[in-house]
Amino acid sequence: MKILVCISHVPDTTSKINFTEDNTKFDTNGVQFVINPNDEFGLTRAIWFKEKQGASVTVVNVGGSETEPTLRKALAIGADEAIRVNAEATDGFFVAKQLAKVVEDGDFDLIIAGRESIDYNGGMVPGMLASLTNANFINTCIGLEVNGDTATATREIDGGKETLKTSLPLVIGAQKGLVEESDLRIPNMRGIMMARKKQLTVLEPVEANQETKAVQFEKPAPKGEVKLISPDNVDELVNLLHNEAKVI
Amino acid sequence: MSVLIYTESENGKFKKIAFETASYAKEVAEKLGSTVTAVAINVDDTSELSKYGVDKVLSVKNEKLSNFNVKAYADVLQQAATKEEAKVVILNSSANDKYLAPVLAISLNAGYASNVVALPESTSPFKVKRTAFTNKAFNITEITSDIKLIGLAKNSFGLKEHEGAATVDAFDPTLNEDDFSINVEAVDKATGKVTIADAEIVVSGGRGLKGPENWGMIEDLAEVLGAATACSKPVSDMGWRPHEEHVGQTGKPVASNLYIAVGISGAIQHLAGINASKVKVVINNDPEAPFFKAADYGIVGDAFEVVPELIEKLKEFKANNA
Ligand SMILES: Cc1cc2nc3c(=O)[nH]c(=O)nc-3n(C[C@H](O)[C@H](O)[C@H](O)COP(=O)(O)OP(=O)(O)OC[C@H]3O[C@@H](n4cnc5c(N)ncnc54)[C@H](O)[C@@H]3O)c2cc1C
Ligand SMILES: Nc1ncnc2c1ncn2[C@@H]1O[C@H](COP(=O)(O)O)[C@@H](O)[C@H]1O
């Protein structure tokens, strides 16, 4: 089985979010970038398939050269090779088009992406990629087994979960629950050394139009001070929730 | 040329988000000088949509669609959009809607903007405001394609009633075998319980509650409020509560009207998932807990004293306001 794991390179969860150039660009100054957490769950499952079922694991990112350390980290965790499509990831459709080309050329059976990136929270790329490549698609995936050509997956739904059966090729949108958190790996010295020798191929993008563009960013208006209520006066909270906030 | 919406239902009845999508679509249609057409799949009685500004309902009745199926549902919506020559298609943000939207975007060749929180700032060019960076910022996105697909963020618009009556047309889309290449084997869903996704009020407990044996008061508080229960990540990691209750950046997003956090410190990853809630209340015995910076109302106190008291006061309030 050939697995492709799509890796989005995102600001660490605790990063300060600021914008530059008249609020049109994200300010990367001092920001630490990481593998998107949802992709890390997916990558961990991919490496499980590699170790238990002899799958090969390729990681891919659409982005500039600044994303290479993130791809190297994925290699250090255990992926076999990496691909970077050398283009700025401007919109979900554009990225999905680039990834579709990589999927078609590489003949991948299982494509693992994340439910969403934690930067733009699009939740767009996996579904678009599945449709563009005519693959089956399972989103918010919290369990995946593959047996030959057949896949059994668990999907989180509102208020519960469902079990689905389908066939490869398959794209999943991974999230927490797909693997145990204790199974996530921190690259060790040996992994880091080996990653340096692994192949990282840079491809030029294919022609694709952009259907959306981020024109401006805004920060939410600063929040007012919290209203403190004395623990001896819980009545007052009920009163405020009813008369002021009007939520009960 | 109408604005097309998908109105989600369950067991033959619309979910509340269907009415929210309709309310929003009505105002988008007014800006465009157009009308709203709703697609309803296996809904017994669609008349309630009239109240929220829908002009026409395409009612699909098909046993094959009794389980949600991403490809088949996207196929139905694509055919409806084409038939209606829709230039704007609007979905909501349930798990199913978020699953459908990108698939539909490709079959309609539509630019897709997810997590949209307000009416379009302008319709030509077509610009919408979306949340980004886990609710730490907004992003104004221009959709440049001919057909525009919008994913409305949950609970961001509310319900708005309108006068009028919707016409109902039976709609019988063509389904093919490939639409059913994913099969539902089993559905495991708590019945009769308010889910985090649908709840107007969410009561959430953190590590400050010390152990699973103390969750009775959280459940009691949720019960008086008709709320869903939730928890912080360590609580579900330790198995005190089921994984489905974990909210936050890596868990479920919460966009309720009221979020009550008990014994939760307010770490940035927790807040990232609940920031979209309108009113936040924190109960924590440490005045320095970061949650106090994010909350609207707070009580510095011991949860084991404050919560039972709050339950009593709410019961009195309910009795007086029934
Ligand atoms: C990549 C990443 C992703 C993460 N994603 C999430 C996520 O999605 N959701 C999430 O919740 N966390 C997430 N976390 C974890 C997060 O950083 C915090 O560790 C977690 O939210 C803390 O949970 P807590 O507030 O329940 O526990 P604690 O931080 O231990 O806080 C307990 C609180 O209870 C208070 N308390 C103690 N006793 C009482 C009492 N008797 N009465 C009242 N208050 C009391 C304490 O003052 C304290 O503030 C993530 C972390 C990382 C690194
Ligand atoms: N630039 C990118 N390169 C590779 N994969 C990506 C990129 N952007 C998004 N993805 C994948 O698509 C998932 C969802 O991203 P998004 O649609 O941006 O929320 C991510 O978790 C990644 O797996």
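In the text below, chain A, chain B and the rest are named by the order of the sequence lines, each starting its count at 1. Model, not experiment: these values are computed from the prediction. In what follows, every heavy atom counts, from backbone to side chain, and hydrogens, waters and symmetry copies are set aside.
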Exercise for review: Taking atom CG of N147(A) as the centre, report whether more than 12 heavy atoms of other residues, nucleotides or ligands fall under 6.0 Å from it.
Suggested key: no
Practice item. Identify which part of V187(B) has an atom lying under 4.5 Å from any heavy atom of chain A, answering side chain, backbone, both or neither. Key: both
Review point. Roughly how far, to the nearest 0.5 Å, is OG1 of T24(A) from CD1 of I140(B)?
Key: 12.5 Å
Check your understanding: For the residue pair Y112(B) and M124(A), what are the closest heavy atoms and their distance?
Key -> O-CE, 3.0 Å
**Study point:** Largest heavy-atom contact set with chain A, pairs under 4.5 Å, which of N109(B), D198(B), D178(B), V306(B)
**Key:** N109(B)
Revision key, fill the gap. Honestly, the part of N275(B) sitting under 4.5 Å from a heavy atom of chain A is neither
Point to revise | Contacting region of K280(B) [heavy-atom separation from chain A under 4.5 Å] | key: neither
Check your understanding: If you count heavy-atom pairs under 4.5 Å with chain B, which of L132(A), T140(A), D91(A) comes out on top?
Key -> L132(A)
Practice item. Compare every heavy atom of Q249(B) with every heavy atom of T13(A), then report the nearest pair and how far apart it is. Key: CG2-NE2, 2.5 Å
Practice item. Would you mind reporting whether H242(A) and N321(B) have side-chain heavy atoms less than 4.5 Å apart? Key: yes
Check your understanding: Under a 4.5 Å heavy-atom cut-off, does chain A meet the side chain of L100(B), its backbone, both or neither?
Key -> neither
Check your understanding: Which bit of K293(B) is near chain A, if near means a heavy-atom gap under 4.5 Å: side chain, backbone, both or neither?
Key -> backbone
Review point. Quick one: what part of A294(B) sits under 4.5 Å from any heavy atom of chain A, side chain, backbone, both or neither?
Key: backbone
Practice item. Kindly indicate whether the side chain of Q216(A), heavy atoms from C-beta on, has any atom under 4.5 Å from the side chain of E121(B). Key: no
Check your understanding: Is the shortest heavy-atom distance from the side chain of K223(A) to the side chain of D296(B) under 4.5 Å?
Key -> yes
Point to revise | Over 12 foreign heavy atoms within 6.0 Å of NZ, K136(B) | key: yes
Check your understanding: Which atoms of I17(A) come close to chain B, meaning under 4.5 Å heavy atom to heavy atom: side chain ones, backbone ones, both, or neither?
Key -> side chain
Check your understanding: Would you say the side-chain atoms of N136(A) and K71(B) include a donor-acceptor pair closer than 3.5 Å?
Key -> yes
Review point. Does CD in E66(A) sit with more than 12 non-hydrogen atoms of other residues, nucleotides or ligands closer than 6.0 Å?
Key: yes
Practice item. Between chain A and each of V300(B), N67(B), V194(B), T141(B), count heavy-atom pairs under 4.5 Å; write down the option with the most. Key: T141(B)
**Study point:** Heavy-atom neighbours of E316(B) CD exceed 12 at 6.0 Å
**Key:** yes
Review point. Can a salt bridge be assigned to the pair K176(A) and D237(B) using a cut-off of 4.0 Å between side-chain N and carboxylate O?
Key: yes
Review point. With no hydrogens and no angle check, is any side-chain donor or acceptor of D188(B) less than 3.5 Å from a backbone partner on G160(A)?
Key: no
Exercise for review: Please state whether the side chain, the backbone, both or neither of T131(B) comes within less than 4.5 Å of a heavy atom of chain A.
Suggested key: backbone
Exercise for review: Measure F93(A) against the heavy atoms of chain B and call it side chain, backbone, both or neither at under 4.5 Å.
Suggested key: side chain
Practice item. Name the region of A105(B), side chain, backbone, both or neither, that has any atom closer than 4.5 Å to a heavy atom of chain A. Key: side chain
Point to revise | Non-hydrogen atoms of F137(A) and V103(B) that approach each other most closely | key: CD2-CG2, 3.7 Å
Review point. In terms of heavy-atom pairs under 4.5 Å with chain B, which of L170(A), N239(A), T166(A) leads?
Key: T166(A)
Point to revise | Proximal component of S93(B), with respect to chain A [non-hydrogen, under 4.5 Å] | key: neither
Check your understanding: Is there a donor-acceptor contact under 3.5 Å from the side chain of T212(A) to the main chain of I143(B)?
Key -> no
Exercise for review: Name the region of Q269(B), side chain, backbone, both or neither, that has any atom closer than 4.5 Å to a heavy atom of chain A.
Suggested key: side chain
Practice item. Below 4.5 Å from any heavy atom of chain A, which atoms of K278(B) appear? Answer side chain, backbone, both or neither. Key: neither
Check your understanding: For atom CG of N320(B), is the number of surrounding heavy atoms from other residues, nucleotides or ligands below 6.0 Å larger than 12?
Key -> yes
Point to revise | Contact origin within A221(A) toward chain B - heavy atom pairs under 4.5 Å | key: neither
Revision key, fill the gap. Heavy-atom closest pair (K213(A) atom, T144(B) atom, distance to 0.1 Å) is NZ-CG2, 4.4 Å
Point to revise | Non-hydrogen atoms of I138(A) and Y99(B) that approach each other most closely | key: CA-OH, 3.4 Å
**Study point:** Nearest non-hydrogen partners of G123(A) and P102(B), listed with the distance
**Key:** O-CG, 3.9 Å
Study note, to complete from the structure: Scored by heavy-atom pairs under 4.5 Å with chain A, the best of G301(B), S114(B), A197(B) is S114(B)
Point to revise | Max heavy-atom pair count under 4.5 Å with chain A, selected residue of K252(B), E10(B), K193(B) | key: K252(B)
Study note, to complete from the structure: Answer key: most heavy-atom pairs under 4.5 Å with chain B among A130(A), G127(A), A151(A), S230(A) is G127(A)
Point to revise | Proximity breakdown for I106(B) and chain A, heavy-atom pairs closer than 4.5 Å | key: side chain
Point to revise | Test item: F133(B) and S15(A) side chains (from C-beta on) under 4.5 Å apart, heavy atoms | key: no
Review point. Hey, is CD on E180(A) packed in by over 12 heavy atoms from elsewhere, all under 6.0 Å?
Key: no
Review point. In terms of heavy-atom pairs under 4.5 Å, which option from K161(A), R115(A), Q210(A) contacts chain B the most?
Key: K161(A)
Point to revise | Per-residue contact mode, V281(B) against chain A (heavy atom under 4.5 angstrom) | key: side chain
**Study point:** Pairwise side-chain contact, F292(B) with L228(A), heavy-atom cut-off 4.5 Å (strictly under)
**Key:** yes
**Study point:** The single option from I299(B), D302(B), L310(B) passing side chain to side chain contact (heavy atoms under 4.5 Å, CB included) against P231(A)
**Key:** I299(B)
Exercise for review: Measure distances from A101(B) to the heavy atoms of chain A and classify the residue's part below 4.5 Å as side chain, backbone, both or neither.
Suggested key: neither
Revision key, fill the gap. Assert top hit (heavy-atom pairs under 4.5 Å, partner chain B, pool N38(A), L164(A), D232(A), I157(A)) equals L164(A)
Review point. Is the count of non-hydrogen atoms from other residues, nucleotides or ligands lying under 6.0 Å from K315(B) atom NZ greater than 12?
Key: no
Revision key, fill the gap. Okay, P11(A) and chain B: the region with an atom under 4.5 Å from a heavy atom over there is side chain
Check your understanding: Is the closest side-chain heavy-atom distance between L314(B) and I248(A) below 4.5 Å?
Key -> yes
Exercise for review: For the residue pair V247(A) and I201(B), establish whether any side-chain heavy-atom pair is separated by less than 4.5 Å.
Suggested key: no
Check your understanding: Given side chains that start at C-beta, do those of H243(B) and E156(A) come closer than 4.5 Å, heavy atoms only?
Key -> yes
Check your understanding: Would you find more than 12 non-hydrogen atoms of other residues, nucleotides or ligands less than 6.0 Å from K189(B) atom NZ?
Key -> yes
